[in-house]
Amino acid sequence: MVVPAVALRRQLALVNMRRLRKLATSKNHPSNATRLIGFSSSAEASSAAVSNPAEATLNIYPSDATRRTGFSSSSAETPSAPIFNSAEFSQISHLIAQLRWSKVKPLVNDGTGETILEQLFAHRVRPEVILWYYNWSEREFRVFHSLDYSCRLVISLAGANMYSLVRSFWDRFVRNARTGVTVSLIFHTLVNLSSRKSVNSKVVDMLVMAYARNCKVDLAFEAFERARGYGFRLSLLSCNPMLRGLGDEGSFEKLEYVYKEMIRRRMVLDVVSYNTVMSGLCKGGKLQRARDVMDDMRVANISPDSGTYNILFDGYVKRGGPGRMYKADALLREMVTRDVAPNEATYNILIDGFCKDENMVGAVRVFEEMKTRGLKPNVISYNSLINGFCRMGNVEEAVKKRGDMIDAGVQPTIITFNTLINGFCKQQKLREAMELFDEIYENGLFPNSLTFNALIHAHCKASEMDRAVDLRELMIKKGVCPDVSTYNCLIGGFYGVGNKAAAEKLFAEMKDNGLKPNLVAYHVLIGELCKAGEVRKAVRRLDEMVGLGLKPTHVVYNALIDGHCREGNIKAALSVRDQMVKEGKRPNVTTYNVLIRGYCKKGKLEEANRLLNEMLEHGLTPNRATYEIVQDEMIEKGFVPDIEGHISAASN
DNA sequence: GTAGGGTTAG
């Protein structure tokens, strides 16, 4: 006994009309009635709903206790909703369950679809069907449904054990910035709607997970904090991603706090929790704390795995300071003693570490050890090794390793080629670099922006600007977009050959092409302007970069200070130094060197001497440039700086 | 739907 859809729609429209008219004249709920009428009949109001969905949603359904709990369709307490009789409604829900949106759409007469949503809840329609309708109507009418509906939906999904739908619901939910929807409001709404603690806990758990996974770590953290007061118990499902988010974000204090708090809440942490905490701590340079966490892990009877060790290895290699590879070596021995098997990643981290330490003997030793342990070096192992040899200037050996890799059945990638091309470029062997470039295609690979940038950079360094520009043309022809680095290389190159006009034109062109100049772009530009004696222009560029949200580094400040000193304007130079300090950057050796030379050039040797002492008091070690300045500017002029121990070093 | 490895410009 299916009622034809057209007939049904006509019938419903009629019913709605009658109800709406009745409501409009009703004195009992004037505000609700006028609002509803407004939305169903006025184009103005519905366009307002589109342009400002959050506000519109709030207007239609003020959070009113009777509405929140008004589940029954026959209840006189829910006057704003046109009420369909059960036969009508079963037709509607049938259409929704079949996702026949073109048929559903004409039935919506409130501009937001919330009227039908209310009815779906009232009729206890299957939660997933309500979810379909909820999602469709939000998209269709460009609105966010009120938080009440969101929470009711999520609770009914959870009550039916449809947790994967709860997950995806919250995922969508948190991705949109809903004005006024705070963590505490969500919690408050949830406890008002449901008293089932376990269900609420799971719902909140998944909310926190959604926050953590969608880069809303601060909200995840807030929810984690508030959850305790509400008695919601969270799981690793939400806490592990949050730990990761905190680490990624650099919130190391919060990371340690959450870690300790998880233990205090008697949560049972797993390997992933510990590894994530350690990874975050390593990123923050807190290597000792990371080691402590590994000890905690053993106390908790969780065995560190190869991943745990790899995280520590990576920490040592990247932030371990002097002697880090020895520590790493010791850790490798400990790992083996404890019966944790190193894997490919373990060796790759170590190979790369030795290479960065310019210790190719160590790198090759680890590489060989890897093979004796029955592990096959992969493309990353070879690339690291090749990069190591290239950095040492031994490109011939690097090329040989590429041969080894092919013999071992490991195919070179574009990274292999880029590394080798870079190696040749650094040696100014442009012909060899170009030959390799041709080989890329023979190997069925395609050059990327890094390939071209390396070549362009090398040609710029060699003052071959015509070839550099040709390469950029080729790049575009091959479908590779020039990026900020491409421009940086070319701009630096043109300044280098004294073609200021071309350099400035490129800087403008870069911005015209929608590329945002980055830190390096400004380093190049400001450095060159200072060198050319155009300090005032350089200062303008500094303001410009600050305006773009880029934080000037020591290099930039020092270049400006140098520029002012070269013009003999020490006062201006000192004010740049003050600005630098205000920005939280401590003057470094170069800063002092530049200022000292500035004073010397003005003949103010006492002032220079004073700065020299200040530099030592700040615990900075003079470098070669310092000695040269002292030698050439002070001792030459018969002035004896009172930093005796350091002067003898200068004469060496 | 867990953490960990390789290439550029200053």
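Chain A is the first sequence line, chain B the second, and so forth, proteins listed ahead of strands; every chain is numbered from 1.
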Sugar-phosphate, base or nothing in reach of A/Ile415, heavy atoms under 4.0 Å: base
Under the ring pair (Phe, Tyr, Trp, His ring centres under 6.0 Å) test, residues paired with A/Tyr522 that sit two or more places apart: A/Phe507
Salt-bridge present (A/Glu396, A/Lys429; N to O < 4.0 Å): yes
Touch class at under 4.0 angstrom, heavy-atom based, for A/Asn343 against every strand present: base
side-chain N/O A/Lys318 vs B/dG5 OP1/OP2, d < 4.0 Å: yes
Sugar-phosphate only, base, or nothing, as touched by A/Asn448 at under 4.0 Å among non-hydrogen atoms: nothing
By ring pair (Phe, Tyr, Trp, His ring centres under 6.0 Å) - contacts of A/Phe367 (at least two apart): A/Tyr382
Side chain of A/Val520 (C-beta onward), nearest among B/dT8, B/dG10, B/dG5: B/dG10
Presence of A/Lys531 side-chain N/O under 4.0 Å of B/dG10 phosphate oxygens OP1/OP2: no
Contact list for DNA chain B against residues 367-389 of chain A - heavy-atom distance below 4.0 Å: A/Asn378, A/Val379, A/Ile380, A/Asn383, A/Ser384, A/Asn387
Rounded interatomic separation in angstrom, taking CZ from A/Arg391 and P from B/dT8: 8 Å
Touch class at under 4.0 angstrom, heavy-atom based, for A/Gly527 against every strand present: nothing
Presence of A/Ser279 side-chain N/O under 4.0 Å of B/dG4 phosphate oxygens OP1/OP2: yes
Nearest to side-chain heavy atoms of A/Asp314, which nucleotide of B/dG10, B/dT7, B/dG5: B/dG5
Residue-phosphate contact under 4.0 Å: A/Lys356 side-chain N/O, B/dG5 OP1/OP2: no
Aromatic plane relationship, A/Phe313 with A/Tyr309 - under 30° parallel, 30 to 60° tilted, over 60° perpendicular: tilted
Pairing residues for A/Val317 by the side-chain contact (heavy atoms from CB on, under 4.5 Å) criterion, not counting sequence neighbours: A/Met325, A/Ile349
A/Phe437: ring pair (Phe, Tyr, Trp, His ring centres under 6.0 Å) partners, not counting sequence neighbours: A/Phe452
Partner residues of A/Lys516 under the salt bridge (Lys or Arg N to Asp or Glu O under 4.0 Å) criterion, sequence neighbours left out: none
Short side-chain N/O contact from A/Lys283 to OP1 or OP2 of B/dG4, under 4.0 Å: yes
Below 4.0 Å: OP1/OP2 of B/dG4 and any side-chain N or O of A/Arg244: yes
side-chain N/O A/His554 vs B/dG10 OP1/OP2, d < 4.0 Å: no
Sugar-phosphate, base or nothing in reach of A/Thr413, heavy atoms under 4.0 Å: base
